[in-house]
Amino acid sequence: MASDDPDKYLGLSDDDAPQGGDASWFRDLRNATRVLTGWNLGARGDIDPADIAQSRRAFVLVGLGLGIAAALVSWIVDGLGLYVFGAAVFAAVTVTSLTNAQAEGGLAAAGADMTGAEAGSDRRAAQIAGAVLAILLVRVAALTALAPLSTMLAAFVAALVLSTSAMALASLAGRASDDEPLFSDHGSGQLWVSGLAAILLAIVFIGFWTALLAALVSLVVGALIWVGADLFGMKRDRNLLYAIRIKTELAVIITVVAVT
């Protein structure tokens, strides 16, 4: 008898989905995209907590896809005569738009929590909007410093790949019993393999030694943010992971700027 759930034909259903092979990779990629961008991609209902934890191995692939999309838009903008600054602006806006500002908003929300701004208040909304704008400006400034265009785009793709990997690896510092399903030691081996894949991809885009240095910087920055969470009153929740993603992305870009 045919299944009533069309997703099951592709192994993408949240219920009774196969746990191995290409089908589970498609499912994990879709769920990872939902976590990092907020797009449902045709899925129905919430993601099962176990599937959220499993999807972290595909974070790097989502980062790569976001970087390639931003690079394509920037290349078109540069060809239209807006040159490196315009390309940097559109690259930053493209990623922010494609991800629905999930990470930027998460970092901003974490900052608002630290100041005690109440949920739903005008003060909190203003703080979050200001923080998101500041992140965009820093991103554009750092990318513009990486002219020519080829260097800028390569660095941005590498930054997105390494930062999504850092976010996934940071989630291992949590416990499987935490309320947030991203904090889990499930599949830790796969996450370290995806981290290695992120470094290899970064090597392709920015070179061997620069990629190794950038990867080291991203891990150090991520670790400092995690350790400093208690010191600065940051909750160890999903917003903290988003903060790690944004800050490691910017750290990688700045590292490439310093090296080049």
Side-chain angles (χ1 to χ4, degrees), residues 32-40 59 62-63 65-71 73-74 77 82 84-146 152-153 155-168 170-171 180 182 218 221-222 224-226 228-229 232-257:
T33 302
R34 293 176 70 183
V35 170
L36 292 172
T37 70
W39 296 103
N40 284 332
F59 278 15
V62 177
L66 291 171
I68 292 174
V73 171
S74 298
V77 166
L82 296 182
V84 172
F85 177 73
V89 170
F90 273 85
V93 171
T94 296
V95 169
T96 303
S97 300
L98 288 177
T99 60
N100 290 297
Q102 289 278 102
E104 292 86 349
L107 171 57
D113 288 338
M114 291 170 59
T115 64
E118 296 182 2
S121 66
D122 291 340
R123 176 191 172 195
R124 184 180 181 88
Q127 286 183 350
I128 292 177
V132 171
L133 178 60
I135 293 168
L136 278 173
L137 292 176
V138 171
R139 183 184 277 156
V140 170
L143 289 174
T144 302
L146 283 170
M152 182 191 80
L153 297 183
F156 197 29
V157 175
L160 289 167
V161 167
L162 290 173
S163 65
T164 48
S165 173
M167 177 182 173
S171 68
E180 171 54 63
L182 277 177
S218 69
V221 169
L224 289 175
I225 295 171
W226 182 266
F232 293 102
M234 295 178 67
K235 298 178 182 178
R236 289 185 173 174
D237 55 10
R238 185 175 299 203
N239 285 339
L240 179 60
L241 295 182
Y242 285 138
I244 289 174
R245 203 208 68 69
I246 287 294
K247 291 186 176 182
T248 53
E249 174 203 314
L250 296 176
V252 169
I253 296 173
I254 292 171
T255 297
V256 178
V257 170

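Side chains included, hydrogens not; waters and symmetry mates left out as well; all remaining heavy atoms used. These numbers were taken from a predicted model, which means no experiment stands behind them.
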Which heavy atom of Ala71 sits nearest a heavy atom of Leu153, and at what distance? O-CD1, 3.6 Å

Any Leu182 side-chain heavy atom under 4.5 Å of Leu241 side chain: yes

Could you tell me whether the side chain of Trp226 and the main chain of Val221 form a donor-acceptor pair under 3.5 Å? no

Closer than 3.5 angstrom, by distance alone: can the side chain of Ser165 be matched with the main-chain N or O of Val161 as a donor-acceptor pair? no

With a 4.5 Å heavy-atom cut-off, do Met167 and Tyr242 have their side chains touching? yes

Hey, could you give me each pair passing salt bridge (charged side-chain N to carboxylate O under 4.0 Å, His left out) that has a residue in residues 123-134? Not counting sequence neighbours. Asp113-Arg124

Hey, are the side chains of Asp237 and Glu180 touching, using non-hydrogen atoms and a 4.5 Å cut-off? no

Nearest 0.5 Å, what's the CG-OG1 distance between Leu66 and Thr99? 6.5 Å

Compare all side-chain heavy atoms of Ile135 with those of Ile246 and state whether any distance is below 4.5 angstrom. yes

Listed by chain and number, what are the side-chain hydrogen bond (donor to acceptor under 3.5 Å, both in side chains) partners of Ser163, not counting sequence neighbours? Arg245

Minimum side-chain heavy-atom gap Val77-Phe90 below 4.5 Å: yes

Exactly one of Leu143, Val256, Val252 clears side chain to side chain contact (heavy atoms under 4.5 Å, CB included) with Phe156, and that residue is Leu143

With side chain to side chain donor-acceptor pair (under 3.5 Å) as the rule and sequence neighbours excluded, what pairs involving residues 127-142 come up? Thr96-Arg139, Glu104-Arg139, Thr115-Gln127, Arg139-Glu249

Where do Lys247 and Leu107 come nearest, in terms of heavy atoms and distance? CE-CD1, 3.8 Å

Looking only at heavy atoms, which two atoms of Asn239 and Ala110 are closest? And how far apart? CB-CB, 4.2 Å

Decide side chain to side chain contact (heavy atoms under 4.5 Å, CB included) for Val35 and Arg238; before the verdict, give the C-alpha distance in whole Å, the side-chain angles of both, and the deciding distance to 0.1 Å. CA-CA 10 Å; Val35 170; Arg238 185 175 299 203; 4.0 Å; yes

Heavy-atom closest pair, residues Ala142 and Val257: O-CG2, 3.6 Å

If you look at every heavy atom in Val140 and Ala92, which pair is closest and at what distance? CG2-CB, 3.8 Å

Tell me the closest heavy-atom pair linking Ser218 and Thr248, and the distance in Å. O-CG2, 3.3 Å

Which of Leu160, Thr164, Asn100 passes side chain to side chain contact (heavy atoms under 4.5 Å, CB included) with Leu36? Answer is Thr164

Among Val84, Ile254, Ile253, which residue meets the side chain to side chain contact (heavy atoms under 4.5 Å, CB included) test with Leu146? Ile253

For the atom pair OG (Ser74) and CG (Leu82), what is the distance rounded to the nearest 0.5 Å? 10.5 Å

Can you tell me how far the CZ atom of Phe85 sits from the CE atom of Met152, to the nearest 0.5 Å? 11.0 Å

How many angstroms lie between OG1 in Thr94 and CG in Leu98, if you round to the nearest 0.5 Å? 6.5 Å

